[in-house]
Number of protein chains: 2
Amino acid sequence: MTRRPTIIDVAREAGVSKSTVSLVLQNSASVRDETRKQVRAAMARIGYVYNRSAANMRSSNAGLVGLVINDLRNPFFTEFATSLQMALADKGYSAVIANTDEDPGLQAQVVGSMIEHGVSALILCPAYGETRATFDAIARAGIPAMQMLRRVDDRLDLFPLTAPDYARGSGEATRHLLAGGARQVAFVGGLEGRAVTEERQDGYLSALAEAGMTPVMLTGQSTREFGRETARRLAETHPQVDAAVCFNDLVALGMLSGFQEVGRDVGQGFRLVGFDDISEAAQCFPTLTSVRCDIARIGAQAAETVIDWLDKGTPPPGETRTPVSLVVRQSSGGDGRS
Amino acid sequence: MTRRPTIIDVAREAGVSKSTVSLVLQNSASVRDETRKQVRAAMARIGYVYNRSAANMRSSNAGLVGLVINDLRNPFFTEFATSLQMALADKGYSAVIANTDEDPGLQAQVVGSMIEHGVSALILCPAYGETRATFDAIARAGIPAMQMLRRVDDRLDLFPLTAPDYARGSGEATRHLLAGGARQVAFVGGLEGRAVTEERQDGYLSALAEAGMTPVMLTGQSTREFGRETARRLAETHPQVDAAVCFNDLVALGMLSGFQEVGRDVGQGFRLVGFDDISEAAQCFPTLTSVRCDIARIGAQAAETVIDWLDKGTPPPGETRTPVSLVVRQSSGGDGRS
DNA sequence: CTGAAAGCGCTTACAG
DNA sequence: CTGAAAGCGCTTACAG
């Protein structure tokens with residue numbers, strides 16, 4: 001295997017100096033068009049490939065963004081990471097992606113190695129827990145970092161947060177169920193003590209308070225399993241509950257399948273709303289009413305924001321709330337099926 | 001923001017030469033334990049972080065592996081990418097991940113930028129199409145690359161393939177349905193002309209041939225939508241079909257919801273088998289019989305294989321087929337529910 | 001618009 | 001076991 005050509009080889013081949021080649025590489029305006037073409041042609045001829053590590057040593061914009069995700073197997077986060085990565089690629093950035101599985105220890109490790117790799121910025125859907133030292137390390141390295149979807153570190157000036165307006169979403173969902181005639185609405189899923197859980201519960205609680213109704217909170221893991229189990233036993237444990245706002249769509253889809261299993265009708269018999277509006281919500285049966293966060297847009301937006309931050313050097317606002325909207329489908333008895 | 005400390009700063013702080021620091025960084029055996037400790041302590045004191053870009057310029061093991069995935073939103077590939085990434089992280093490697101959305105053009109671009117970033121190896125679930133030039137570029141760069149799950153480039157000596165034994169899986173699935181009393185088994189989903197589709201169809205076709213039965217192939221996109229539409233109209237278009245092997249679980253889950261919509265019973269009335277055994281297969285209702293590929297293991301395995309290749313310099317065998325197994329659940333009428 | 005020179009932070013022989 | 005020197009492939013002022 002012969003060594004990879006460098007800009008010196010390109011310079012020789014094109015008959016210019018290596019500075020000129022470097023300038024061409026950076027699309028500098030101070031190179032004549034004709035020269036530029038010759039250089040590009042020379043590159044193609046000898047199969048030159050740009051060495052970013054070398055470039056990075058001098059100028060340090062690696063063109064690398066680190067993406068740290070708490071649960072990459074959850075379709076909501078998959079969609080986020082994917083749309084973000086693709087938007088970054090569109091702007092010429094690559095993404096180092098790591099799943100932390102909600103483990104703050106693992107998170108510390110992957111953040112550390114991303115910093116070593118010289119990422120220009122970090123985008124985190126952070127794990128909960130002991131994360132202070134990790135965020136401190138990011139700050140010390142002077143790397144722009146955004147908290148997405150979850151508020152874990154309170155220093156929003158350093159680590160600005162972008163998240164959907166969760167409280168509004170669950171509020172709307174709850175009001176929708178009440179307007180449809182629900183007598184007793186439960187909130188299902190969500191682990192206690194987490195910011196996102198609290199926000200989603202808050203909207204639900206205020207809507208119930210407005211209507212003068214008592215809340216029923218069935219907290220737990222936000223998984224299909226938990227939803228399924230809850231639905232299976234709901235008739236015994238909470239016979240009066242005839243509607244639910246779920247922490248997320250996974251819980252709602254789990255409930256859907258649990259109800260199917262025990263033969264309970266969803267739509268008229270039991271009114272169900274999910275949260276996140278993952279694509280499956282439109283594909284299941286009955287189709288699932290859900291709070292849309294437009295996560296793909298949030299992902300693409302995050303890419304733009306972070307690149308802007310990198311270019312301009314000024315951080316985005318400390319907190320950005322993105323709009324949510326209720327997408328009414330069959331599971332809440334709200335459309336064609338009634 | 002003060003500049004990041006370098007090994008020179010560490011050397012000064014620890015009172016040794018910078019070579020010694022470098023040796024410590026590489027865990028070289030030729031440094032006294034006491035010295036090592038002093039150096040490590042100095043690093044911690046001044047907040048040193050390793051600069052891999054600089055290291056990479058000399059030695060070029062970037063500790064970076066590129067992961068190119070055709071469809072990261074598909075839970076099967078998500079699981080693959082996630083388990084692979086986590087296994088890599090476990091060995092001290094980071095992963096640059098890109099979704100190509102089945103677009104060979106995008107694939108060419110992301111592979112190009114991964115090469116620029118100096119990835120030590122590439123793992124591809126490649127997009128179909130015009131990919132020759134992309135694979136050529138990888139070969140020219142001399143980067144170890146594995147094809148996973150799909151055979152797209154025929155140069156298996158250069159780009160070894162690891163994939164489940166698809167034909168065996170669909171064969172078993174088909175025989176299972178026939179043994180359960182199915183009269184007419186269809187194969188649903190899979191785009192024509194693709195290697196994976198052909199392999200999965202092959203197992204089905206041979207099993208039917210053994211039994212002397214005629215195949216019914218309903219090819220199409222391997223999505224929930226396609227499955228759902230197919231199920232909805234199946235009674236009209238193919239009234240005699242009473243069982244199906246699906247190209248993947250998404251199609252099968254789509255059929256499940258389509259059948260629910262039109263009120264057709266799955267399990268006894270219609271026997272259904274999926275492929276891939278994504279985690280949802282165990283969570284839906286009725287639970288889905290599926291061909292398990294153990295994709296998480298394949299992902300972790302791929303990480304080991306590629307690191308081994310990197311360490312030893314010898315490529316794995318040109319073709320590795322991993323075992324599959326049929327997981328019988330309710331949808332094929334095969335368990336407790338009958 | 002182009003060329004010669006220095007330097008980014010490491011690793012790698014090579015002496016000691 | 002440790003130190004001095006060269007060099008990896010670029011970019012960046014600085015002259016011309």
Side-chain angles (χ1 to χ4, degrees), chain A residues 1-40 42-43 46-64 113 115-120 141-142, chain B residues 1-40 42-43 46-64 113 115-120 141-142:
Chain A
M1 245 163 265
T2 138
R3 111 200 126 65
R4 266 154 73 149
T6 74
I7 52 168
I8 298 189
D9 302 308
V10 177
R12 194 175 315 140
E13 173 78 17
V16 299
S17 84
K18 71 183 176 126
S19 312
T20 307
V21 177
S22 178
L23 260 9
V24 170
L25 248 16
Q26 296 164 81
N27 281 315
S28 159
S30 58
V31 176
R32 233 187 323 162
D33 246 30
E34 198 191 339
T35 313
R36 185 192 313 281
K37 266 180 209 145
Q38 279 169 8
V39 173
R40 290 275 177 212
M43 287 179 183
I46 66 177
Y48 170 76
V49 338
Y50 187 56
N51 182 331
R52 275 175 195 267
S53 297
N56 188 26
M57 281 208 53
R58 294 283 314 173
S59 68
S60 93
N61 186 339
L64 251 197
S113 82
I115 295 175
E116 286 187 1
H117 277 292
V119 294
S120 305
Chain B
M1 242 164 268
T2 138
R3 113 200 124 64
R4 265 154 73 150
T6 74
I7 53 168
I8 297 189
D9 301 308
V10 177
R12 192 175 318 142
E13 173 78 18
V16 299
S17 83
K18 69 182 177 129
S19 313
T20 308
V21 177
S22 178
L23 260 11
V24 170
L25 248 15
Q26 296 163 82
N27 281 316
S28 158
S30 58
V31 176
R32 234 187 322 161
D33 245 30
E34 198 191 337
T35 313
R36 183 192 315 282
K37 266 181 210 147
Q38 279 169 8
V39 173
R40 290 276 176 212
M43 287 179 182
I46 66 178
Y48 170 76
V49 339
Y50 187 54
N51 182 331
R52 275 175 195 267
S53 298
N56 189 27
M57 282 209 51
R58 295 281 317 173
S59 68
S60 91
N61 187 339
L64 251 197
S113 83
I115 295 175
E116 286 187 359
H117 277 291
V119 293
S120 306

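Residue numbers start from 1 in every chain, and the chains themselves are labelled A, B, ... in the order their sequence lines are given, proteins ahead of strands. The structure displayed is predicted, hence computed values, not measured ones.
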What's the [atom1]-[atom2] distance between [X] and [N], to the nearest Å?
X: Asn56(A); N: dC8(D); atom1: CG; atom2: P; result: 19 Å
X: Arg52(B); N: dG9(C); atom1: CZ; atom2: P; result: 17 Å
X: Leu25(A); N: dT2(C); atom1: CG; atom2: P; result: 15 Å
X: Asn51(B); N: dG9(C); atom1: CG; atom2: C1'; result: 6 Å
X: His117(A); N: dG9(C); atom1: NE2; atom2: P; result: 18 Å
X: Ile115(B); N: dG9(D); atom1: CD1; atom2: P; result: 17 Å
X: Arg4(A); N: dG7(D); atom1: CZ; atom2: P; result: 21 Å
X: Met43(A); N: dG9(D); atom1: CE; atom2: P; result: 15 Å

Between the side chains of Ser17(B) and Thr20(B), is a donor N or O closer than 3.5 angstrom to an acceptor N or O?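 The answer is yes; a qualifying pair exists.
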Roughly how far apart are Thr6(A) OG1 and Arg12(A) CZ, rounded to 0.5 Å?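 Reported value, rounded in 0.5 Å steps: 7.5 Å.
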Side chain of [X] - closest among [options]:
X: Met57(A); options: dT2(D), dC8(C), dC8(D); result: dC8(C)
X: Thr35(B); options: dT2(D), dT11(C), dG9(D); result: dT2(D)
X: Thr6(B); options: dC10(C), dC10(D), dT11(C); result: dC10(C)
X: Lys18(A); options: dA4(D), dC10(C), dT11(D); result: dT11(D)
X: Arg58(B); options: dG3(C), dG9(D), dC8(D); result: dC8(D)

Return the 5'-most residue of the pair Val31(B), Ser19(A) with respect to DNA chain D, ranking by each residue's nearest nucleotide.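 Closer to the 5' end of DNA chain D: Val31(B).
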Closest non-hydrogen atom pair between Arg52(A) and Gly63(A), with its separation: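 Between these two residues, the closest heavy atoms are NH1-CA, 4.1 Å.
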I'd like to know if the side chain of Arg36(A) and the backbone of Ser28(A) have a donor-acceptor N/O pair within less than 3.5 Å.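 Flag set: sc Arg36(A) to bb Ser28(A) pair under 3.5 Å.
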Under 4.0 Å from OP1 or OP2 of dG9(D): is there any side-chain N or O of Ser53(A) that close?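 No.
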Would you say a side-chain N or O of Gln26(A) is under 4.0 Å from OP1 or OP2 of dC10(D)?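 The answer is no; no side-chain N or O of Gln26(A) sits under 4.0 Å from OP1 or OP2.
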For Ala29(B), answer base if it contacts any base atom (sugar-phosphate contacts may also be present), sugar-phosphate if it contacts only those atoms, and nothing otherwise; contact means non-hydrogen atoms under 4.0 Å.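 Answer is sugar-phosphate: Ala29(B) comes under 4.0 Å of backbone atoms only.
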Complementary nucleotide of dA15(C), counting Watson-Crick and G-U pairs under 3.5 Å: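 dT2(D) is the nucleotide pairing with dA15(C).
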Side-chain-base donor-acceptor pair under 3.5 Å for Ser17(A) and dA4(C):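 Looking at the base of dA4(C), it does not pair with any donor or acceptor on the side chain of Ser17(A) (distance under 3.5 Å).
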Using a 4.5 Å cut-off on heavy atoms from C-beta on, say whether the side chain of Met43(B) contacts that of Val21(B).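 Contact flag for Val21(B)/Met43(B) side chains = yes.
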